[in-house]
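See structure below.
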Amino acid sequence: MSEASSSHGAATGTPAPRVFSGIQPTADSFHLGNYLGALRQWVAMQDTHDAFYCVVDLHAITVEHDPAALRRRTRVAAAQLLAMGLDQDRSTLFVQSHVPEHAELAWVLGCLTGFGEAGRMTQFKDKSAKQGTSGTTVGLFTYPVLQAADILLYTPDPGPGEAALQVPVGEDQRQHLELSRTLAQRFNHRFGATFVAPEAYIPKGAAKITDLQDPTAKMSKSASSPQGIVDVLEEPGPMRKKIMRAVTDTGSEVRYDEESKAGVTNLLRIFSALEGTSVEDLERRYEGSGYGQFKKDLAEVVVDAFTPIRERTLKLLDDEEQLDRLLAQGAGRASAVAARTMEIVRDRVGFVGRGH
């Protein structure tokens, strides 16, 4: 186990559950939905889990990309995660390509995955239907297998009394987690107990945030319009404007109702999550006041939440050498766990040991 796991176990008398999660560096900034839906919970889980967090740059090349942009965005992603509160003394943050065992285990698991099984993955079906098979890469087809390898590489020992392996997931990732579970069980059945089957973990306080201009759609870099998405690294002025121009609903009552008031409901979720005030208390606070004051106050709450993160991110990016040292530190800890897992996998699959 990593140092984080060992110290937590010593404090509580039981092994901390291990958690793995990753995020792609496919944009110049994370957005409000990323933060409230996942990243803020990553910070909290440092205190309850043996946490491994990864900037998954290998996943980012399944579509055409610019190498310079990928390199920049990888560092920006890592800097934002550190600025949000990830701490290399409490968790392990690293870049996926710095640990080559991810790709190695993906090949082994790919040889256990049926062609039809991979073809049924919803995201691949959706993208290939839009782009056609000629515009769809093999990487896009097999990336759920790489995702399974990402998770299973950090498996705790499968013996009795050992820690669980948990993965924070949204509804759109449940199918991929099920593939990870299937491949873990298939490997264990064929080669002996090696992997702990990962479990879905729903972090407390995770909020489903929708597009500010289309409250029926998820806030997304690939689908939202520029006005429908608030970036963590945005300047305060544009951030305020986007909140003030967010779609609400007919009438002026600040009330939570997903059916008839989807826009206001989305803003109430954001307000509640960032301020730590219940939706019911917010409804009482703005009873009879209309949307104007509600949006104005929410805009300030959003700016106050993200301005310190933006400032810390820019400071980290100003010292690229120190940022790279922090990522190397995380990669070193991740590599120690990954190397141990792959040593067992190679032996059980039947590869000849390299010797010394």
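For the single chain, residues carry numbers from 1 onward in sequence order.
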Discussion item. Would you say that Q96 contacts L146 through its side chain, given a criterion of any heavy-atom pair below 4.5 Å between the two side chains?
Written reply: yes

Discussion item. Please report the interatomic distance CD(Q41) to CG(L36), rounded to the nearest 0.5 Å.
Written reply: 7.5 Å

Worksheet item: Are any side-chain N or O atoms of S289 and backbone N or O atoms of Y286, one a donor and one an acceptor, separated by less than 3.5 Å?
Response: yes

Worksheet item: Taking 4.0 angstrom as the limit, do D47 and R90 come out as a salt bridge?
Response: yes

Worksheet item: Can D150 and H102 be counted as having a side-chain donor-acceptor contact under 3.5 angstrom?
Response: yes

Item to complete: Take F94 and Y154 through the ring pair (Phe, Tyr, Trp, His ring centres under 6.0 Å) test and state the conclusion after the steps.
Response: CA-CA 13 Å; F94 65 102; Y154 300 95; 5.7 Å; yes

Worksheet item: Rounded to the nearest 0.5 Å, how far does CG of L317 lie from CG of L314?
Response: 6.5 Å

Practice prompt. Report yes if some heavy atom in the side chain of R240 is under 4.5 Å from a heavy atom in the side chain of V303; otherwise report no.
Written response: yes

Worksheet entry | Under 3.5 Å side-chain donor-acceptor pair for E275 and T277 | yes

Discussion item. Can you tell me if Q322 has over 12 outside heavy atoms packed within less than 6.0 Å of its CD?
Written reply: yes

Fill in: Close side-chain approach of R325 and Q329, heavy atoms under 4.5 Å
no

Response to the item:
Smallest heavy-atom separation, Q213 atom then R245 atom, equals NE2-O, 3.0 Å

Discussion item. Can you confirm whether V76 sits close enough to P25 that some side-chain heavy atom of one is under 4.5 Å from a side-chain heavy atom of the other?
Written reply: no

Worksheet item: Checking side chain to side chain contact (heavy atoms under 4.5 Å, CB included) for the pair D87/Q46: CA distance, chi angles, key distance, verdict?
Response: CA-CA 8 Å; D87 181 351; Q46 295 179 115; 3.8 Å; yes

Item to complete: Could you grab the distance from atom CZ of R348 to atom CZ of R190, nearest 0.5 Å is fine?
Response: 15.5 Å

Discussion item. Can you tell whether the side chains of K295 and E300 come within less than 4.0 Å, N to carboxylate O?
Written reply: no

Discussion item. Check the orientation of F294 and F271. Use parallel for under 30°, tilted for 30 to 60°, and perpendicular for over 60°.
Written reply: parallel

Worksheet entry | Salt bridge R186-E117, side-chain N to carboxylate O under 4.0 Å | yes

Fill in: Joint cluster assignment, L58 & I23, ILVMFWY side-chain distance < 4.5 Å
no

Fill in: Rounded distance (nearest 0.5 Å) linking atom OG1 of T341 with atom CG of L152
9.0 Å

Worksheet entry | Side chain R312, main chain T307, donor-acceptor under 3.5 Å | no

Worksheet item: With a 4.0 Å cut-off, would you call E234 and K242 a salt bridge?
Response: yes

Fill in: Connected via hydrophobic side-chain network under 4.5 Å: L323 and L70
no

Worksheet item: Are M244 and K296 close enough that some pair of their side-chain heavy atoms sits under 4.5 Å apart?
Response: yes

Discussion item. Working note: V337 + L153, criterion side chain to side chain contact (heavy atoms under 4.5 Å, CB included); need CA distance, chi angles, decisive distance, verdict.
Written reply: CA-CA 8 Å; V337 178; L153 202 53; over 6 Å; no

Worksheet entry | Approximate separation, where rounding is to 0.5 Å, of L327 CG and L82 CG | 7.0 Å

Worksheet item: Would you say T62's side chain and L140's backbone share a donor-acceptor pair under 3.5 angstrom?
Response: no

Worksheet item: Are R72 and D28 ion-paired here, with the side-chain N under 4.0 Å from a carboxylate O?
Response: yes

Worksheet entry | ring pair (Phe, Tyr, Trp, His ring centres under 6.0 Å) assessment of F52 paired with F20 | CA-CA 5 Å; F52 287 78; F20 176 89; 7.7 Å; no

Worksheet item: Is the backbone N or O of Q166 less than 3.5 Å from a side-chain atom of E199, with the two atoms forming a donor-acceptor pair by type?
Response: no

Practice prompt. Examine distances only and state if a side-chain atom of T182 and a backbone atom of E178 form a donor-acceptor pair shorter than 3.5 Å.
Written response: yes

Practice prompt. Decide whether E258 and T265 meet the rule of one side-chain donor and one side-chain acceptor closer than 3.5 Å.
Written response: no

Item to complete: Give a yes or no answer on whether the side chain of D231 reaches the backbone of L233 with a donor-acceptor pair at less than 3.5 Å.
Response: no

Item to complete: For the pair E104 and R346, evaluate salt bridge (Lys or Arg N to Asp or Glu O under 4.0 Å) and give the outcome as yes or no after the intermediate values.
Response: CA-CA 10 Å; E104 185 180 2; R346 292 186 201 108; 2.8 Å; yes

Fill in: Linked, directly or transitively: V145 and L177 (ILVMFWY side chains, under 4.5 Å)
yes

Worksheet, complete the sentence: Nearest heavy-atom contact between A331 and H98 is CB-CB, 3.8 Å

Discussion item. With heavy-atom distances below 4.5 Å as the criterion, would you say the side chains of L32 and V232 are in contact?
Written reply: no

Discussion item. Regarding R255 and E280, does a basic nitrogen lie under 4.0 Å from an acidic carboxylate oxygen?
Written reply: no

Item to complete: Might you point out which heavy atoms bring D211 and G228 nearest each other, and give the distance in Å?
Response: OD1-CA, 3.1 Å

Practice prompt. Compute whether any side-chain donor of one residue and acceptor of the other, for H59 and Q147, lie under 3.5 angstrom apart.
Written response: no

Discussion item. Nearest 0.5 Å, please: how far is CG in L212 from NE2 in H31?
Written reply: 11.0 Å

Worksheet entry | Basic-acidic side-chain contact under 4.0 Å: E253, K261 | no

Worksheet item: Is there a donor in the side chain of D57 and an acceptor in the side chain of T74, or the other way round, less than 3.5 Å apart?
Response: no

Practice prompt. Mind running side chain to side chain contact (heavy atoms under 4.5 Å, CB included) on H49 and Y201 for me, showing each step along the way?
Written response: CA-CA 11 Å; H49 290 71; Y201 179 73; 3.8 Å; yes

Discussion item. Restricting to non-hydrogen atoms, name the atom on A164 and the atom on P156 that form the minimum distance, rounded to 0.1 Å.
Written reply: O-CG, 3.8 Å

Worksheet item: Would L86 end up clustered with L39 when hydrophobic side chains under 4.5 Å apart are linked, directly or stepwise?
Response: yes

Discussion item. Could you check whether any side-chain heavy atom of Y291 comes within less than 4.5 Å of a side-chain heavy atom of D249, counting everything from C-beta outward?
Written reply: yes

Discussion item. Is there a path of hydrophobic side-chain contacts, each under 4.5 Å between heavy atoms, that joins F306 and V43?
Written reply: yes

Worksheet item: Passes side chain to side chain contact (heavy atoms under 4.5 Å, CB included), L81 versus Y53? Steps please.
Response: CA-CA 9 Å; L81 292 171; Y53 299 128; 5.6 Å; no

Discussion item. Closer than 4.0 angstrom, basic N to acidic O: yes or no for D318 and K315?
Written reply: no

Worksheet item: Using 4.0 Å as the upper bound for N to carboxylate O, is an ion pair formed by D297 and R285?
Response: no

Item to complete: Work out which heavy atom in A118 is nearest to a heavy atom in F141; give both atom names and the distance.
Response: CB-CZ, 3.5 Å

Worksheet item: Between T216 and T210, is any pair of side-chain heavy atoms under 4.5 Å apart?
Response: no

Item to complete: Would you name the heavy atoms of T155 and T194 that are closest together and state the gap between them?
Response: CG2-O, 3.9 Å

Discussion item. Check whether R40 reaches the backbone of Y35 with its side chain - one donor and one acceptor, N or O, closer than 3.5 Å.
Written reply: no

